[in-house]
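Letters go in sequence order (proteins before strands), and every chain restarts at 1. Values below: all heavy atoms of this structure, side chains included; hydrogens, waters and symmetry mates excluded. The shown structure was predicted, so the numbers you read here are calculated from the model rather than taken from an experiment.
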There are 2 protein chains.
Amino acid sequence: MKKIKFEKLFEHPTATVDVVVFSVENGELGVLLIRRKYSPFKNMWALPGGFIRKNEELAKAARRELGEETGISGVYLEQLYTFDAPGRDPRGRVITVAYFALVQQRAMKLKASFDAKEAKLFAMRKLPKLAFDHKVIIDYALIRLRNKIQYTNAAWSMLPEAFTLGELQRLYEIILGKRLDKRNFRKKILSLGILKTLRRIKKGLRQRPARLFTFKTRKHIELRRFF
Amino acid sequence: MKKIKFEKLFEHPTATVDVVVFSVENGELGVLLIRRKYSPFKNMWALPGGFIRKNEELAKAARRELGEETGISGVYLEQLYTFDAPGRDPRGRVITVAYFALVQQRAMKLKASFDAKEAKLFAMRKLPKLAFDHKVIIDYALIRLRNKIQYTNAAWSMLPEAFTLGELQRLYEIILGKRLDKRNFRKKILSLGILKTLRRIKKGLRQRPARLFTFKTRKHIELRRFF
DNA sequence: ACAAAAGTGTTTTCATTACACCCATGG
DNA sequence: CCATGGGTGTAATGAAAACACTTTTGT
(Lines give C-alpha, C1' and ligand atoms only; values in the text may rest on other atoms or scores of the structure.)
Protein backbone atom coordinates (compact mmCIF):
# COMPACT_ATOMS: atom_id res chain seq x y z
CA MET A 1 0.00 0.00 0.00
CA LYS A 2 1.45 3.28 -1.17
CA LYS A 3 1.56 6.26 1.04
CA ILE A 4 -0.59 8.99 -0.41
CA LYS A 5 1.14 12.29 -0.88
CA PHE A 6 -0.28 15.44 0.57
CA GLU A 7 -0.22 17.47 -2.64
CA LYS A 8 -1.90 14.68 -4.49
CA LEU A 9 -4.59 14.38 -1.92
CA PHE A 10 -5.34 18.03 -2.06
CA GLU A 11 -6.40 17.72 -5.65
CA HIS A 12 -9.30 15.55 -4.73
CA PRO A 13 -12.77 16.86 -4.22
CA THR A 14 -14.33 16.27 -0.84
CA ALA A 15 -17.55 14.34 -0.54
CA THR A 16 -20.75 14.81 1.39
CA VAL A 17 -23.98 12.87 1.74
CA ASP A 18 -27.40 14.48 1.59
CA VAL A 19 -30.72 12.83 2.29
CA VAL A 20 -34.11 13.67 0.87
CA VAL A 21 -36.62 12.40 3.42
CA PHE A 22 -40.15 12.16 2.14
CA SER A 23 -43.21 11.75 4.26
CA VAL A 24 -46.90 12.27 3.76
CA GLU A 25 -48.67 14.29 6.39
CA ASN A 26 -51.92 16.23 6.43
CA GLY A 27 -52.67 15.05 2.95
CA GLU A 28 -49.52 16.52 1.51
CA LEU A 29 -46.18 15.22 0.43
CA GLY A 30 -43.47 16.71 2.59
CA VAL A 31 -39.70 16.90 2.67
CA LEU A 32 -37.69 17.10 5.82
CA LEU A 33 -35.37 20.10 6.03
CA ILE A 34 -32.99 21.34 8.65
CA ARG A 35 -31.87 24.83 9.41
CA ARG A 36 -28.17 25.23 8.86
CA LYS A 37 -26.22 26.22 11.93
CA TYR A 38 -23.02 27.15 10.15
CA SER A 39 -21.78 28.98 7.14
CA PRO A 40 -22.17 28.69 4.21
CA PHE A 41 -25.89 29.32 3.95
CA LYS A 42 -26.10 29.80 7.71
CA ASN A 43 -29.71 29.80 8.96
CA MET A 44 -31.00 28.71 5.60
CA TRP A 45 -33.03 25.55 5.13
CA ALA A 46 -31.20 22.59 3.65
CA LEU A 47 -31.30 18.83 3.31
CA PRO A 48 -29.93 16.88 6.24
CA GLY A 49 -26.42 15.73 5.41
CA GLY A 50 -22.76 16.36 5.91
CA PHE A 51 -19.24 15.23 5.31
CA ILE A 52 -18.39 11.59 5.01
CA ARG A 53 -16.02 10.14 7.52
CA LYS A 54 -13.17 8.02 6.41
CA ASN A 55 -14.09 4.34 6.43
CA GLU A 56 -17.74 5.10 6.77
CA GLU A 57 -20.06 3.67 4.17
CA LEU A 58 -22.15 6.22 2.37
CA ALA A 59 -25.47 4.69 3.32
CA LYS A 60 -24.33 4.51 6.93
CA ALA A 61 -23.23 8.12 6.80
CA ALA A 62 -26.62 9.06 5.45
CA ARG A 63 -28.33 7.25 8.30
CA ARG A 64 -25.99 8.79 10.84
CA GLU A 65 -26.53 12.34 9.63
CA LEU A 66 -30.24 11.73 9.57
CA GLY A 67 -30.23 10.44 13.10
CA GLU A 68 -28.02 13.20 14.43
CA GLU A 69 -29.91 16.00 12.83
CA THR A 70 -33.48 14.81 13.03
CA GLY A 71 -33.71 11.82 15.34
CA ILE A 72 -35.11 9.62 12.58
CA SER A 73 -33.94 6.05 12.22
CA GLY A 74 -34.93 2.75 10.65
CA VAL A 75 -36.25 4.07 7.38
CA TYR A 76 -36.15 2.95 3.78
CA LEU A 77 -33.08 4.46 2.19
CA GLU A 78 -31.64 4.23 -1.29
CA GLN A 79 -28.95 5.97 -3.24
CA LEU A 80 -30.30 8.61 -5.59
CA TYR A 81 -27.56 10.24 -7.62
CA THR A 82 -24.21 11.91 -7.22
CA PHE A 83 -24.30 15.63 -7.83
CA ASP A 84 -21.17 17.45 -8.82
CA ALA A 85 -22.01 20.59 -10.73
CA PRO A 86 -19.09 22.97 -10.34
CA GLY A 87 -19.98 25.83 -8.07
CA ARG A 88 -22.68 23.92 -6.23
CA ASP A 89 -20.78 24.51 -2.99
CA PRO A 90 -19.16 27.89 -2.36
CA ARG A 91 -16.45 26.26 -0.26
CA GLY A 92 -15.00 24.80 -3.41
CA ARG A 93 -15.10 21.43 -5.01
CA VAL A 94 -17.55 19.29 -3.08
CA ILE A 95 -19.49 16.45 -4.62
CA THR A 96 -22.48 15.02 -2.84
CA VAL A 97 -23.95 11.56 -2.96
CA ALA A 98 -27.67 12.03 -2.49
CA TYR A 99 -29.94 9.46 -0.91
CA PHE A 100 -33.65 9.37 -0.65
CA ALA A 101 -35.61 8.03 2.26
CA LEU A 102 -39.22 7.23 2.93
CA VAL A 103 -40.66 7.43 6.41
CA GLN A 104 -43.98 6.79 8.05
CA GLN A 105 -46.15 9.58 9.18
CA ARG A 106 -45.72 8.33 12.72
CA ALA A 107 -41.94 8.38 12.59
CA MET A 108 -41.99 12.10 12.05
CA LYS A 109 -43.41 12.54 15.51
CA LEU A 110 -40.15 11.32 17.01
CA LYS A 111 -38.62 14.28 15.37
CA ALA A 112 -40.69 16.47 17.60
CA SER A 113 -38.18 15.77 20.34
CA PHE A 114 -35.87 17.95 18.31
CA ASP A 115 -36.42 21.63 18.12
CA ALA A 116 -38.96 22.32 15.43
CA LYS A 117 -37.00 25.40 14.53
CA GLU A 118 -34.15 23.16 13.52
CA ALA A 119 -35.83 20.31 11.67
CA LYS A 120 -39.19 20.55 10.00
CA LEU A 121 -41.29 18.84 7.38
CA PHE A 122 -42.15 21.22 4.56
CA ALA A 123 -44.92 20.59 2.07
CA MET A 124 -43.43 20.11 -1.39
CA ARG A 125 -45.59 22.92 -2.63
CA LYS A 126 -44.32 25.40 -0.10
CA LEU A 127 -40.59 24.85 -0.02
CA PRO A 128 -38.48 27.69 1.28
CA LYS A 129 -35.41 28.89 -0.54
CA LEU A 130 -32.81 26.19 -0.17
CA ALA A 131 -29.08 26.07 0.37
CA PHE A 132 -26.69 24.73 -2.27
CA ASP A 133 -28.36 22.90 -5.16
CA HIS A 134 -30.76 21.19 -2.81
CA LYS A 135 -33.80 22.19 -4.78
CA VAL A 136 -32.43 20.36 -7.79
CA ILE A 137 -31.79 17.30 -5.68
CA ILE A 138 -35.32 17.33 -4.28
CA ASP A 139 -36.84 17.63 -7.74
CA TYR A 140 -34.77 14.70 -8.89
CA ALA A 141 -35.83 12.69 -5.84
CA LEU A 142 -39.50 13.39 -6.48
CA ILE A 143 -39.25 11.94 -9.97
CA ARG A 144 -37.57 8.87 -8.54
CA LEU A 145 -40.22 8.50 -5.85
CA ARG A 146 -43.05 8.74 -8.34
CA ASN A 147 -41.48 6.09 -10.53
CA LYS A 148 -40.55 3.92 -7.59
CA ILE A 149 -43.99 3.47 -6.11
CA GLN A 150 -45.18 2.37 -9.51
CA TYR A 151 -42.99 -0.67 -9.79
CA THR A 152 -42.04 -1.57 -6.23
CA ASN A 153 -43.75 -2.12 -2.92
CA ALA A 154 -42.00 0.95 -1.49
CA ALA A 155 -45.25 2.26 -0.05
CA TRP A 156 -44.80 -0.06 2.93
CA SER A 157 -42.25 2.33 4.34
CA MET A 158 -44.64 5.25 4.43
CA LEU A 159 -47.57 3.57 6.13
CA PRO A 160 -48.17 2.02 9.52
CA GLU A 161 -48.14 -1.76 9.80
CA ALA A 162 -51.88 -2.01 9.20
CA PHE A 163 -53.81 0.28 6.91
CA THR A 164 -56.98 0.43 4.86
CA LEU A 165 -57.08 0.39 1.10
CA GLY A 166 -58.41 3.90 1.24
CA GLU A 167 -55.34 5.05 3.12
CA LEU A 168 -53.07 3.30 0.65
CA GLN A 169 -54.87 4.86 -2.27
CA ARG A 170 -54.65 8.30 -0.73
CA LEU A 171 -50.91 7.82 -0.36
CA TYR A 172 -50.58 7.02 -4.04
CA GLU A 173 -52.74 9.93 -5.04
CA ILE A 174 -50.72 12.37 -2.99
CA ILE A 175 -47.41 11.17 -4.34
CA LEU A 176 -48.52 10.93 -7.94
CA GLY A 177 -50.42 14.16 -7.68
CA LYS A 178 -53.52 12.82 -9.36
CA ARG A 179 -56.73 11.03 -8.53
CA LEU A 180 -57.08 7.32 -9.08
CA ASP A 181 -60.20 5.27 -9.67
CA LYS A 182 -61.15 3.42 -6.51
CA ARG A 183 -62.30 0.18 -8.10
CA ASN A 184 -59.35 -0.03 -10.47
CA PHE A 185 -56.92 0.75 -7.71
CA ARG A 186 -58.21 -2.01 -5.47
CA LYS A 187 -58.34 -4.51 -8.27
CA LYS A 188 -54.78 -3.82 -9.31
CA ILE A 189 -53.16 -3.62 -5.91
CA LEU A 190 -54.83 -6.80 -4.75
CA SER A 191 -53.94 -8.67 -7.93
CA LEU A 192 -50.28 -7.97 -7.25
CA GLY A 193 -50.42 -10.23 -4.27
CA ILE A 194 -48.22 -8.05 -2.10
CA LEU A 195 -50.90 -7.40 0.51
CA LYS A 196 -52.18 -9.62 3.25
CA THR A 197 -55.78 -9.22 4.35
CA LEU A 198 -56.08 -8.87 8.08
CA ARG A 199 -58.98 -9.99 10.20
CA ARG A 200 -59.04 -6.68 11.91
CA ILE A 201 -61.24 -3.84 10.96
CA LYS A 202 -60.85 -0.14 11.44
CA LYS A 203 -63.85 1.33 13.15
CA GLY A 204 -64.58 4.22 15.42
CA LEU A 205 -64.90 6.69 12.60
CA ARG A 206 -68.27 7.97 11.61
CA GLN A 207 -68.41 5.87 8.49
CA ARG A 208 -68.51 2.27 7.47
CA PRO A 209 -65.66 0.31 9.09
CA ALA A 210 -62.84 -0.64 6.76
CA ARG A 211 -60.89 -3.84 6.39
CA LEU A 212 -57.24 -3.58 7.37
CA PHE A 213 -54.34 -4.82 5.27
CA THR A 214 -50.64 -5.22 5.74
CA PHE A 215 -47.73 -5.75 3.37
CA LYS A 216 -46.78 -9.40 3.13
CA THR A 217 -43.16 -8.35 3.27
CA ARG A 218 -41.61 -5.17 4.53
CA LYS A 219 -38.57 -5.56 2.35
CA HIS A 220 -38.08 -3.81 -0.94
CA ILE A 221 -39.53 -5.78 -3.87
CA GLU A 222 -39.32 -4.91 -7.56
CA LEU A 223 -42.35 -5.59 -9.66
CA ARG A 224 -43.43 -4.79 -13.12
CA ARG A 225 -44.67 -1.25 -13.66
CA PHE A 226 -48.20 -1.19 -12.33
CA PHE A 227 -49.88 2.18 -12.69
CA MET B 1 -14.86 30.64 3.15
CA LYS B 2 -13.23 28.59 5.87
CA LYS B 3 -9.79 27.19 5.45
CA ILE B 4 -9.92 23.43 5.53
CA LYS B 5 -7.66 21.80 8.05
CA PHE B 6 -5.25 19.09 7.00
CA GLU B 7 -6.40 16.54 9.58
CA LYS B 8 -9.96 17.12 8.60
CA LEU B 9 -9.17 16.68 4.97
CA PHE B 10 -7.43 13.44 5.58
CA GLU B 11 -10.60 11.96 6.87
CA HIS B 12 -12.20 12.24 3.49
CA PRO B 13 -12.33 9.37 1.07
CA THR B 14 -10.80 9.93 -2.32
CA ALA B 15 -12.91 9.55 -5.42
CA THR B 16 -12.45 7.90 -8.78
CA VAL B 17 -14.51 7.52 -11.91
CA ASP B 18 -14.93 4.24 -13.76
CA VAL B 19 -16.63 3.71 -17.08
CA VAL B 20 -18.40 0.64 -18.35
CA VAL B 21 -18.24 0.85 -22.14
CA PHE B 22 -20.61 -1.47 -23.93
CA SER B 23 -20.44 -2.34 -27.57
CA VAL B 24 -21.86 -5.10 -29.72
CA GLU B 25 -19.43 -6.87 -31.97
CA ASN B 26 -19.47 -10.23 -33.71
CA GLY B 27 -22.95 -10.86 -32.46
CA GLU B 28 -21.95 -10.50 -28.84
CA LEU B 29 -22.26 -7.87 -26.19
CA GLY B 30 -18.83 -6.70 -25.14
CA VAL B 31 -17.26 -4.56 -22.44
CA LEU B 32 -14.14 -2.54 -22.92
CA LEU B 33 -11.38 -3.32 -20.46
CA ILE B 34 -7.86 -2.02 -20.00
CA ARG B 35 -4.85 -3.74 -18.58
CA ARG B 36 -3.63 -1.98 -15.48
CA LYS B 37 -0.12 -0.61 -15.69
CA TYR B 38 0.33 0.04 -12.02
CA SER B 39 -0.28 -1.50 -8.66
CA PRO B 40 -2.70 -2.40 -7.18
CA PHE B 41 -3.91 -5.18 -9.47
CA LYS B 42 -1.00 -4.49 -11.82
CA ASN B 43 -1.44 -6.28 -15.18
CA MET B 44 -4.98 -7.25 -14.34
CA TRP B 45 -7.92 -6.26 -16.49
CA ALA B 46 -10.07 -3.42 -15.21
CA LEU B 47 -12.56 -0.79 -16.25
CA PRO B 48 -11.10 2.38 -17.71
CA GLY B 49 -11.09 5.06 -15.04
CA GLY B 50 -9.02 6.93 -12.55
CA PHE B 51 -8.81 9.68 -10.00
CA ILE B 52 -10.86 12.79 -10.35
CA ARG B 53 -9.02 16.05 -10.66
CA LYS B 54 -10.01 18.96 -8.56
CA ASN B 55 -12.52 21.16 -10.36
CA GLU B 56 -13.19 18.56 -12.97
CA GLU B 57 -16.76 17.45 -13.48
CA LEU B 58 -17.32 13.76 -13.06
CA ALA B 59 -18.75 13.21 -16.52
CA LYS B 60 -15.85 15.12 -18.00
CA ALA B 61 -13.41 13.04 -16.00
CA ALA B 62 -15.08 9.91 -17.30
CA ARG B 63 -14.72 11.11 -20.87
CA ARG B 64 -11.14 12.14 -20.30
CA GLU B 65 -10.12 8.80 -18.81
CA LEU B 66 -11.88 7.03 -21.63
CA GLY B 67 -10.09 9.07 -24.22
CA GLU B 68 -6.68 8.75 -22.60
CA GLU B 69 -6.89 5.04 -22.07
CA THR B 70 -8.78 3.88 -25.13
CA GLY B 71 -8.94 6.66 -27.71
CA ILE B 72 -12.73 6.61 -27.66
CA SER B 73 -14.66 9.86 -27.72
CA GLY B 74 -18.09 11.25 -28.50
CA VAL B 75 -20.17 8.50 -26.98
CA TYR B 76 -23.37 8.29 -25.00
CA LEU B 77 -22.50 8.51 -21.33
CA GLU B 78 -24.60 8.47 -18.20
CA GLN B 79 -24.00 8.18 -14.52
CA LEU B 80 -24.63 4.70 -13.18
CA TYR B 81 -24.11 4.49 -9.45
CA THR B 82 -21.60 5.37 -6.78
CA PHE B 83 -19.86 2.35 -5.30
CA ASP B 84 -18.32 2.55 -1.87
CA ALA B 85 -18.17 -0.88 -0.29
CA PRO B 86 -15.42 -0.80 2.32
CA GLY B 87 -12.43 -2.76 1.13
CA ARG B 88 -13.23 -2.35 -2.54
CA ASP B 89 -9.85 -0.69 -3.02
CA PRO B 90 -6.81 -2.04 -1.18
CA ARG B 91 -5.26 1.43 -1.07
CA GLY B 92 -7.85 2.42 1.46
CA ARG B 93 -11.02 4.37 1.33
CA VAL B 94 -11.83 5.10 -2.29
CA ILE B 95 -15.32 5.58 -3.60
CA THR B 96 -15.99 5.42 -7.30
CA VAL B 97 -18.65 7.07 -9.36
CA ALA B 98 -19.41 4.65 -12.16
CA TYR B 99 -20.62 5.70 -15.58
CA PHE B 100 -21.85 3.65 -18.42
CA ALA B 101 -21.26 4.36 -22.07
CA LEU B 102 -22.59 2.99 -25.32
CA VAL B 103 -20.49 3.04 -28.46
CA GLN B 104 -20.91 2.03 -32.05
CA GLN B 105 -19.25 -1.02 -33.41
CA ARG B 106 -17.26 1.25 -35.71
CA ALA B 107 -15.96 3.43 -32.91
CA MET B 108 -14.18 0.48 -31.42
CA LYS B 109 -11.96 0.34 -34.47
CA LEU B 110 -10.42 3.66 -33.46
CA LYS B 111 -9.27 1.90 -30.42
CA ALA B 112 -7.09 -0.27 -32.66
CA SER B 113 -4.67 2.60 -32.74
CA PHE B 114 -4.00 1.70 -29.15
CA ASP B 115 -2.14 -1.43 -28.28
CA ALA B 116 -4.62 -4.29 -28.20
CA LYS B 117 -2.73 -5.71 -25.26
CA GLU B 118 -3.72 -2.64 -23.29
CA ALA B 119 -7.36 -2.07 -24.23
CA LYS B 120 -9.66 -4.74 -25.51
CA LEU B 121 -13.33 -5.53 -25.91
CA PHE B 122 -14.26 -8.67 -24.02
CA ALA B 123 -17.45 -10.59 -24.63
CA MET B 124 -19.68 -10.40 -21.55
CA ARG B 125 -19.69 -14.17 -21.45
CA LYS B 126 -15.94 -14.47 -21.33
CA LEU B 127 -14.85 -11.82 -18.90
CA PRO B 128 -11.45 -12.28 -17.30
CA LYS B 129 -10.89 -11.89 -13.59
CA LEU B 130 -11.27 -8.22 -12.83
CA ALA B 131 -9.58 -5.74 -10.53
CA PHE B 132 -11.40 -4.12 -7.59
CA ASP B 133 -15.17 -4.66 -7.56
CA HIS B 134 -15.39 -4.08 -11.28
CA LYS B 135 -17.33 -7.25 -11.92
CA VAL B 136 -20.07 -5.99 -9.62
CA ILE B 137 -20.12 -2.68 -11.46
CA ILE B 138 -20.40 -4.37 -14.84
CA ASP B 139 -23.27 -6.55 -13.68
CA TYR B 140 -25.06 -3.50 -12.41
CA ALA B 141 -24.46 -1.72 -15.70
CA LEU B 142 -25.85 -4.61 -17.70
CA ILE B 143 -29.12 -4.43 -15.81
CA ARG B 144 -29.27 -0.72 -16.48
CA LEU B 145 -28.53 -1.21 -20.16
CA ARG B 146 -31.24 -3.80 -20.55
CA ASN B 147 -33.78 -1.56 -18.92
CA LYS B 148 -32.59 1.50 -20.77
CA ILE B 149 -33.07 0.22 -24.29
CA GLN B 150 -36.62 -0.69 -23.38
CA TYR B 151 -37.78 2.80 -22.61
CA THR B 152 -35.38 5.10 -24.45
CA ASN B 153 -33.96 5.48 -27.93
CA ALA B 154 -30.49 4.68 -26.59
CA ALA B 155 -29.86 2.19 -29.39
CA TRP B 156 -28.90 5.06 -31.66
CA SER B 157 -25.55 5.24 -29.93
CA MET B 158 -24.65 1.67 -30.77
CA LEU B 159 -25.48 1.65 -34.46
CA PRO B 160 -24.12 3.46 -37.50
CA GLU B 161 -26.09 6.37 -38.91
CA ALA B 162 -28.05 4.11 -41.28
CA PHE B 163 -29.09 0.58 -40.47
CA THR B 164 -31.67 -2.02 -41.39
CA LEU B 165 -34.46 -3.15 -39.13
CA GLY B 166 -32.78 -6.53 -39.04
CA GLU B 167 -29.64 -4.99 -37.64
CA LEU B 168 -31.61 -3.05 -35.05
CA GLN B 169 -33.49 -6.16 -34.02
CA ARG B 170 -30.27 -8.15 -33.70
CA LEU B 171 -28.91 -5.42 -31.43
CA TYR B 172 -31.93 -5.74 -29.15
CA GLU B 173 -31.74 -9.50 -29.14
CA ILE B 174 -28.08 -9.48 -28.19
CA ILE B 175 -28.52 -7.02 -25.38
CA LEU B 176 -31.68 -8.59 -24.00
CA GLY B 177 -30.32 -12.07 -24.49
CA LYS B 178 -33.46 -13.41 -26.07
CA ARG B 179 -35.08 -13.72 -29.47
CA LEU B 180 -37.78 -11.32 -30.56
CA ASP B 181 -40.57 -11.83 -33.05
CA LYS B 182 -39.74 -10.07 -36.30
CA ARG B 183 -43.21 -8.82 -37.13
CA ASN B 184 -43.95 -7.60 -33.64
CA PHE B 185 -40.58 -5.92 -33.40
CA ARG B 186 -41.08 -3.97 -36.62
CA LYS B 187 -44.61 -3.01 -35.76
CA LYS B 188 -43.60 -1.71 -32.36
CA ILE B 189 -40.44 0.12 -33.28
CA LEU B 190 -42.07 1.83 -36.24
CA SER B 191 -45.13 2.81 -34.22
CA LEU B 192 -42.88 4.68 -31.81
CA GLY B 193 -42.09 7.15 -34.53
CA ILE B 194 -38.43 7.48 -33.59
CA LEU B 195 -37.14 6.16 -36.91
CA LYS B 196 -36.91 7.85 -40.27
CA THR B 197 -37.21 5.72 -43.37
CA LEU B 198 -34.40 6.39 -45.81
CA ARG B 199 -34.58 6.10 -49.56
CA ARG B 200 -31.42 4.08 -49.57
CA ILE B 201 -31.28 0.35 -49.62
CA LYS B 202 -28.63 -2.01 -48.41
CA LYS B 203 -27.68 -4.42 -51.13
CA GLY B 204 -24.63 -6.36 -52.15
CA LEU B 205 -25.34 -9.21 -49.81
CA ARG B 206 -26.59 -12.46 -51.22
CA GLN B 207 -30.10 -11.92 -49.98
CA ARG B 208 -32.96 -9.60 -50.54
CA PRO B 209 -31.91 -5.95 -50.20
CA ALA B 210 -33.11 -4.18 -47.08
CA ARG B 211 -34.48 -0.74 -46.52
CA LEU B 212 -32.27 1.54 -44.46
CA PHE B 213 -33.44 3.58 -41.50
CA THR B 214 -31.99 6.24 -39.28
CA PHE B 215 -32.95 7.69 -35.92
CA LYS B 216 -34.89 10.92 -36.27
CA THR B 217 -32.87 12.31 -33.42
CA ARG B 218 -29.53 11.25 -32.06
CA LYS B 219 -30.23 12.69 -28.66
CA HIS B 220 -31.42 10.71 -25.69
CA ILE B 221 -35.22 10.43 -25.53
CA GLU B 222 -37.31 8.80 -22.81
CA LEU B 223 -40.35 6.86 -23.87
CA ARG B 224 -42.77 4.57 -22.21
CA ARG B 225 -41.54 1.02 -21.68
CA PHE B 226 -41.78 -0.72 -25.01
CA PHE B 227 -40.53 -4.28 -24.90
C1' DA C 1 -31.68 -23.98 -57.61
C1' DC C 2 -30.56 -22.76 -53.27
C1' DA C 3 -29.37 -20.18 -49.09
C1' DA C 4 -30.29 -16.12 -46.41
C1' DA C 5 -32.48 -12.55 -44.68
C1' DA C 6 -36.46 -9.12 -45.96
C1' DG C 7 -40.96 -8.19 -45.76
C1' DT C 8 -45.91 -8.46 -44.53
C1' DG C 9 -51.60 -9.09 -41.30
C1' DT C 10 -54.70 -11.26 -38.56
C1' DT C 11 -56.30 -13.37 -34.42
C1' DT C 12 -56.06 -14.13 -29.51
C1' DT C 13 -55.04 -12.76 -25.12
C1' DC C 14 -54.42 -9.73 -21.52
C1' DA C 15 -54.16 -5.36 -19.09
C1' DT C 16 -56.14 -0.82 -18.63
C1' DT C 17 -59.80 2.35 -18.47
C1' DA C 18 -64.30 4.16 -17.66
C1' DC C 19 -68.16 4.18 -15.06
C1' DA C 20 -72.57 4.31 -10.61
C1' DC C 21 -74.75 2.58 -6.90
C1' DC C 22 -75.59 0.63 -2.14
C1' DC C 23 -73.52 -0.09 2.73
C1' DA C 24 -72.25 0.61 7.61
C1' DT C 25 -71.20 3.67 10.97
C1' DG C 26 -71.01 7.96 14.22
C1' DG C 27 -72.90 12.08 15.18
C1' DC D 1 -81.38 11.20 8.84
C1' DC D 2 -77.26 12.69 7.03
C1' DA D 3 -72.40 12.92 5.98
C1' DT D 4 -68.45 10.10 5.18
C1' DG D 5 -65.70 6.92 3.17
C1' DG D 6 -66.16 1.53 2.24
C1' DG D 7 -67.17 -1.73 -0.90
C1' DT D 8 -68.41 -3.98 -5.41
C1' DG D 9 -68.63 -5.70 -11.40
C1' DT D 10 -68.93 -5.24 -16.27
C1' DA D 11 -68.14 -3.50 -20.84
C1' DA D 12 -64.97 -1.10 -24.10
C1' DT D 13 -60.53 -0.19 -25.52
C1' DG D 14 -55.89 -0.80 -26.61
C1' DA D 15 -51.40 -3.11 -26.26
C1' DA D 16 -48.82 -7.40 -26.59
C1' DA D 17 -48.12 -12.02 -28.20
C1' DA D 18 -48.52 -15.79 -31.28
C1' DC D 19 -48.10 -17.31 -35.69
C1' DA D 20 -46.34 -18.75 -41.68
C1' DC D 21 -45.58 -17.73 -46.03
C1' DT D 22 -43.73 -15.06 -50.16
C1' DT D 23 -39.90 -12.00 -52.02
C1' DT D 24 -35.38 -10.66 -53.66
C1' DT D 25 -30.88 -11.17 -54.20
C1' DG D 26 -25.85 -13.45 -54.84
C1' DT D 27 -23.60 -17.51 -55.68
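B:F22 and B:Y76 have their aromatic ring centers separated by at least 6.0 angstrom.
The distance from atom CZ of A:R35 to atom CD of A:E69, rounded to the nearest 0.5 Å, is 14.0 Å.
Remark: P of C:dC14 and CG of A:L192 are 17 Å apart, rounded to the nearest angstrom. Atom NZ in B:K203 sits roughly 19 Å away from atom P in D:dT23 (whole-Å rounding). At whole-Å resolution of the value, CG in A:L180 and P in C:dA18 are 11 Å apart. If you take CD1 of B:I201 and P of C:dA6, they are 12 Å apart, rounded to a whole angstrom. Note: CZ (B:F185) to P (C:dA6) measures 11 Å, nearest angstrom. Rounded to a whole Å, the NZ atom of B:K202 is 16 Å from the C1' atom of D:dT24.
A donor-acceptor pair under 3.5 Å links the side-chain atoms of A:D181 to the main chain of A:N184, judged by distance alone. Of the possible polar contacts, none joining the B:R211 side chain to the B:L165 backbone as a donor-acceptor pair under 3.5 Å is found.
Taking the ring axis of B:F122 as reference, the NZ or CZ atom of B:K126 does not stay both within 45° of it and closer than 6.0 Å to the ring centre.
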Subject >> Nucleotide-resolved protein contact map, nucleotides 5-13 of chain D, B/S/- at heavy-atom distance under 4.0 Å >> reply: BBBBBB---
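Relative orientation of the A:Y140 and A:Y81 rings is tilted, given thresholds of 30° and 60° on the angle between their planes.
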